[in-house]
Amino acid sequence: MKKYNHKAIEKKWQKHWEENRIFSAKDFSDKPKYYCLIEFPYPSGDGLHVGHPRSYTALDIIARKKRMEGYNVLYPIGFDAFGLPTENYAIKKKIHPKIITERNIATFTRQLKELGFSFDWERMVITADPSYYKWTQWIFLKLFEKGLAYKDNIPINWCLSCKIGLANEEVVNGRCERCGGPVEKRNKEQWMLKITAYAQRLIDDLNGVEYLDKIMKQQINWIGRSDGADIKFSIQGGKEALKVFTTRPDTLFGATYMVLAPEHALVEKITTKEHKEAVSQYVEAAKKKSDLERSEISREKTGVFTGAYALNPANGKPIPIWVADYVLISYGTGAIMAVPGHDQRDWDFARTFNLPVVEVIQGGDISREAYEGEGILINSGFLNGKNVEEAIAAMSNWLKEKELGGPAVKYKLRDWVFSRQRYWGEPIPIVICRSCGFVPVPEKDLPVLLPDVERYEPSDAGESPLAAIKDWVKTPCPKCGGPAERETDTMPNWAGSSWYFLRYTDPHNDKAFADSDKLKYWMPIDLYNGGMEHTTLHLLYSRFWNKFLYDCGFVPFSEPYARRTAHGMILGEGGEKMSKSRGNVVNPDDVIERYGADVFRCYEMFIGPFDQTANWDTKGIEGIHRFLLRVWRLIVDERSGGLNDKMAEGVPEKGLLRNLHQTIKIVGEHINQMRFNTAISQMMILVNELYKKDRIPVEIVKVFVLLLSPFAPHIAEELWEKLGEKESVLRQPWPLCHMEYLAAETMTIVVQINGKVRANIDCSVDISREDLIKMVLEQERVKKYTEGKKIHKIVIVPKKLVSIVVS
RNA sequence: GCCGGGGUGGCGGAAUUGGUAGACGCAAGGGACUUAAAAUCCCUCGGAGGCGUGCCUCUGUGCGGGUUCGAGUCCCGCCCCCGGCACCA
């Protein structure tokens with residue numbers, strides 16, 4: 001081969017790797033293990049997006065380097081194959097989603113293989129495969145067994161266009177995370193997973209793992225712990241107690257009214273006759289509002305009086321109970337004590353309805369706005385004179401003593417709505433029996449297979465298409481044998497991905513979801529990279545499932561991921577999201593066709609800092625293309641196809657060795673730090689340097705090829721072979737930096753005079769301070785600024801600079 | 001509003017235990033090769049000014065202050081952009 005022919009080279013080496021099973025991970029090796037993981041793709045009909053290879057290449061580079069460093073590397077791949085887009089496409093084209101999924105997986109597989117990723121394809125998992133979802137169902141049953149999966153009738157977020165219920169995490173700004181359509185509240189019987197039982201541990205255990213700081217903070221914020229107190233209010237003339245949660249029990253003396261969420265169970269019970277009409281109208285109106293509407297008109301406070309009064313336990317005063325939709329049913333107890341003097345929302349409400357405002361903390365002007373800051377308590381009985389912190393503690397204790405409540409913790413995290421009313425998902429393995437209730441499908445009968453259906457269309461009524469298959473729905477109760485029905489809802493697409501990383505350790509096991517020794521060997525995952533958009537979805541869900549399985553004794557570590565990083569998105573050329581409608585989509589197939597996988601990979605790494613958003617640049621990829629062409633010509637004579645005439649054996653000159661070892665150091669470090677763009681820059685510097693030489697030492701070039709190999713593995717293998725080597729670059733040890741080559745004999749010292757750079761001088765590295773000062777002061781350039789002036793001070797920074805202060 | 005992350009040439013971006021700002025790449029301009037073009041190779045490339053045409057001076061990292069011999073980097077006060085959350089009591 002004479003000229004660089006990416007097509008031939010890439011095909012050749014991909015075949016070589018596959019035939020030699022060079023990337024199959026070995027269970028139980030003597031080598032240290034390294035498990036690195038990318039988020040497996042959802043095989044959409046559009047094929048691979050140029051964003052996918054950014055993450056895959058980055059971890060491929062790390063995986064390849066780790067192999068060369070002597071690790072037993074597991075870098076697996078699979079497909080998150082259940083989900084709505086496939087189902088919607090199936091409905092439109094009248095093709096079975098299974099067929100579409102197979103087709104899409106075939107396309108993705110071809111594309112991923114063409115990019116030369118070092119995935120262990122033998123461990124591929126597909127979540128829609130019965131041999132896989134059998135275990136997803138099995139885990140669900142374990143959750144059910146432990147009371148962490150339960151069915152409840154609660155108002156949930158209903159996406160009008162997807163026609164499914166959404167988890168709290170799937171609602172973004174009142175809209176559906178997937179389709180962007182409006183979301184409304186609907187009361188529906190739903191399967192729920194009790195992720196809230198793990199709220200505290202999901203926060204605490206972040207201490208033991210290395211996550212990007214922003215990921216950790218985002219998760220903590222999402223779980224949203226708040227510390228405060230529960231307080232029981234009695235209702236005047238009633239037996240019922242009204243419980244509220246507050247983070248400010250210190251302000252209890254300032255509570256001048258109460259508010260219930262419209263959905264609160266007590267609303268109906270306590271409303272007096274005269275107010276029934278107005279209250280029920282208000283409650284009905286609130287029900288009809290979507291989340292979006294509720295938050296959009298957020299500023300204007302609305303509400304109605306129930307006619308009932310609660311007694312403030314601090315001072316025994318009766319205070320009116322109102323209903324207002326600024327109080328949410330889903331947080332705390334769905335009811336609040338309102339302290340208008342010290343909470344802006346309550347202040348706004350009190351102002352609107354002329355309710356009294358009492359000052360209990362000094363420091364603000366409550367006639368103008370609520371004062372939420374620090375201060376000394378007043379008008380507050382036994383709390384008077386205390387500061388906020390002291391008063392919170394004193395009040396909490398007082399409440400506990402009087403059995404009126406006491407310290408309490410609440411979380412923003414909600415339980416996970418786990419039912420979807422659609423076809424293409426894992427059937428929930430539960431049978432509903434009139435006499436036995438919810439009965440789990442026995443383990444031996446798993447998996448509950450998805451039946452074939454004629455029509456996949458979901459209904460507006462929120463029934464799964466499975467409900468229409470009467471034969472399938474009707475089934476004897478596993479417990480009593482009587483007539484019963486199957487659950488027809490399916491699992492959300494986050495189910496399969498909540499444990500796939502465990503399956504990779506033992507993907508073909510049909511006795512267990514994974515062998516415990518294999519789990520012990522491979523887990524935890526050493527590095528998991530993915531998108532920021534999954535921080536409060538998949539990442540949180542999978543941590544929850546792993547913790548649950550840990551508690552059951554099925555997995556060896558409570559946290560699945562030792563380290564979590566995130567990559568930035570790749571946008572279109574104009575800085576906008578790539579989309580068909582904008583016409584700015586870059587197809588990976590075209591890039592591979594024109595430039596090849598190596599150029600593609602290197603470009604994605606060079607495009608910008610890995611964790612930041614980057615815009616695709618057609619011109620930019622040309623630069624990388626030129627770089628690899630330059631690398632080729634550095635080594636290969638294009639006329640003969642042999643080695644470049646300049647290639648020579650023998651000891652390289654010191655300057656080159658220094659540059660090489662600098663490159664070894666930087667490339668190695670920057671790969672570890674995921675600063676791939678600067679790693680490539682450094683390799684360019686070395687190549688530029690080599691181009692200036694008349695004699696190119698083979699020794700240098702060989703090491704360079706090894707450094708390049710994780711980035712551009714195909715061209716590296718080819719050049720390695722041309723350099724006369726027989727074994728794959730993957731079998732070579734990763735080059736080591738020898739510090740002795742880094743040291744130079746001379747160094748450049750910068751001379752600053754009054755803070756300005758005035759000269760550079762070259763001197764020996766072991767020059768003494770005295771000689772250095774003498775040498776500096778003798779410089780013409782220095783004399784020019786020091787002559788006739790008084791030298792006040794000379795600062796010397798070893799090996800860097802001399803700073804002279806004159807007047 | 002709250003929590004993150006940022007603002008550096010025409011562009012993507014380098015440089016953080018404070019020490020020559022602009023590495024590397026793109027674009028642009030000039031030159032070499034060629035009948036010509038492409039490709040390739042070499043040179044120039046933040047701005048302003050000066051002459052002895054090779055250098056010199058001033059200025060410059062969102063804005064305003066400060067610390068320091070020295071600030072893109074540290075401190076104080078602002079402005080703007082991006083991401084996440086948002087009536088969470």
Side-chain angles (χ1 to χ4, degrees), chain A residues 172-174 212-222 224-226 228 244-249 251 255 259 261 294-295 297-301 324-328 330-339 342-346 348-349 410-414 532-533 535-536 566 568-569 575 603 606-609 611-624 626-627 629-630 633 638 675 677-688 691-692 748-760 781 784 792-806:
Chain A
V172 179
N173 293 327
L212 235 52
D213 205 46
K214 58 176 169 180
I215 298 174
M216 208 158 358
K217 291 212 165 100
Q218 215 165 295
Q219 287 210 341
I220 291 169
N221 283 347
W222 183 260
R225 179 189 163 117
S226 10
V244 302
F245 172 73
T246 177
T247 53
R248 297 294 302 274
T251 62
V259 185
R294 271 205 189 184
S295 57
I297 7 169
S298 60
R299 296 305 134 214
E300 279 293 293
K301 293 274 186 292
D325 65 2
Y326 83 92
V327 172
L328 308 174
S330 49
Y331 185 75
T333 62
I336 62 157
M337 65 177 206
V339 185
H342 305 283
D343 182 291
Q344 193 57 43
R345 294 157 301 183
D346 297 343
D348 293 341
F349 190 85
K410 293 280 185 281
Y411 300 90
K412 281 199 279 185
L413 186 71
R414 310 289 151 80
M532 274 312 284
E533 69 276 18
T535 300
T536 54
M569 284 186 297
Y603 174 60
F606 193 64
I607 195 167
D611 59 347
Q612 280 170 43
T613 306
N615 301 349
W616 190 266
D617 179 9
T618 322
K619 284 282 169 43
I621 198 169
E622 290 285 355
I624 285 288
R626 280 201 276 266
F627 169 62
L629 287 171
R630 269 165 74 80
R633 289 193 306 265
E638 287 194 306
R675 294 163 63 193
N677 54 333
T678 48
I680 291 177
S681 293
Q682 183 59 41
M683 289 192 282
M684 287 171 166
I685 291 170
L686 179 62
V687 169
N688 289 348
Y691 257 80
K692 292 194 181 106
T748 304
I749 296 287
V750 173
V751 182
Q752 291 187 349
I753 296 160
N754 284 352
K756 289 198 164 128
V757 177
R758 295 301 184 187
N760 301 318
R781 296 267 307 130
K784 189 174 153 190
H792 290 277
K793 191 174 174 183
I794 297 179
V795 180
I796 297 177
V797 181
K799 296 187 177 168
K800 282 196 175 135
L801 64 71
V802 174
S803 184
I804 304 168
V805 188
V806 300

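Lettering of chains follows the sequences in order, A, B, ..., and the numbering in each one begins at 1. Keep in mind the model is a prediction, meaning the values are calculated, not measured. Scope of the values below: all heavy atoms of this structure, side chains included, with no hydrogens, waters or symmetry mates.
Base pairing analysis places B:rA37 opposite nothing; no Watson-Crick or G-U wobble pair with both distances below 3.5 Å involves it. Remark: B:rG9 base-pairs with no nucleotide in the shown strands. Criterion, Watson-Crick or G-U wobble with two distances under 3.5 Å. With a cut-off of 3.5 Å on both pairing distances, the Watson-Crick or G-U wobble partner of B:rC58 is B:rG47. The nucleotide B:rU16 finds no pairing partner, because no Watson-Crick or G-U wobble arrangement with both distances shorter than 3.5 Å includes it. The base-pairing partner of B:rA21, taking Watson-Crick or G-U wobble contacts with both distances under 3.5 Å, does not exist among the strands shown.
To the nearest whole angstrom, the two P atoms, one in B:rG47 and one in B:rG60, are 16 Å apart.
The nearest whole Å value for the distance from the NZ atom in A:Lys214 to the P atom in B:rG83 is 12 Å. Rounded to whole Å, atom C1' of B:rC87 lies 9 Å from atom CG of A:Asp343. Taking atom CG of residue A:Asp346 and atom P of nucleotide B:rA89, one finds them 12 Å apart after rounding to whole Å. In this structure, A:Gln752 atom CD and B:rA71 atom C1' are separated by 11 Å, rounded to whole Å. Spacing between atom NE2 of A:His342 and atom P of B:rA89 amounts to 18 Å, rounded to whole angstrom units. A:Ile749 places its CD1 atom 11 Å from the P atom of B:rU20, with the value rounded to the nearest Å.
Proximity of A:Lys756 to the phosphate of B:rU59: a side-chain N or O atom is located under 4.0 Å from OP1 or OP2. Look at A:Asn677 and you won't find any side-chain N or O under 4.0 angstrom from OP1 or OP2 of B:rC24. Side-chain N/O atoms of A:Asn615 include none lying less than 4.0 angstrom from OP1 or OP2 on B:rC11. Note on A:Lys793: a side-chain N or O is less than 4.0 Å away from OP1 or OP2 of B:rC69. OP1 and OP2 of B:rG13 both lie 4.0 Å or more from every side-chain N or O belonging to A:Thr678. Distances shorter than 4.0 Å separate none of the side-chain N or O atoms of A:Arg758 from OP1 or OP2 on B:rC56. At least one side-chain nitrogen or oxygen of A:Arg633 sits closer than 4.0 Å to the OP1 or OP2 atom of B:rC41. Phosphate contact (OP1/OP2 of B:rA14, side-chain N/O of A:Arg675, threshold under 4.0 Å): absent.
No side-chain donor from either of A:Asn760 and A:Arg781 sits under 3.5 Å from a side-chain acceptor of the other.
Annotation: cation-pi pair A:Lys301/A:Tyr326 present, NZ/CZ under 6.0 Å from the ring centroid and within 45° of its normal.
Looking at heavy atoms from C-beta onward, A:Arg248 lies out of side-chain contact with A:Asp343 at the 4.5 angstrom threshold.
The base of B:rG1 has none of its N or O atoms less than 3.5 Å from a complementary donor or acceptor on the side chain of A:Gln344. Side-chain atoms of A:Lys301 come within donor-acceptor range of the base of B:rC87, with a qualifying N/O pair under 3.5 Å.
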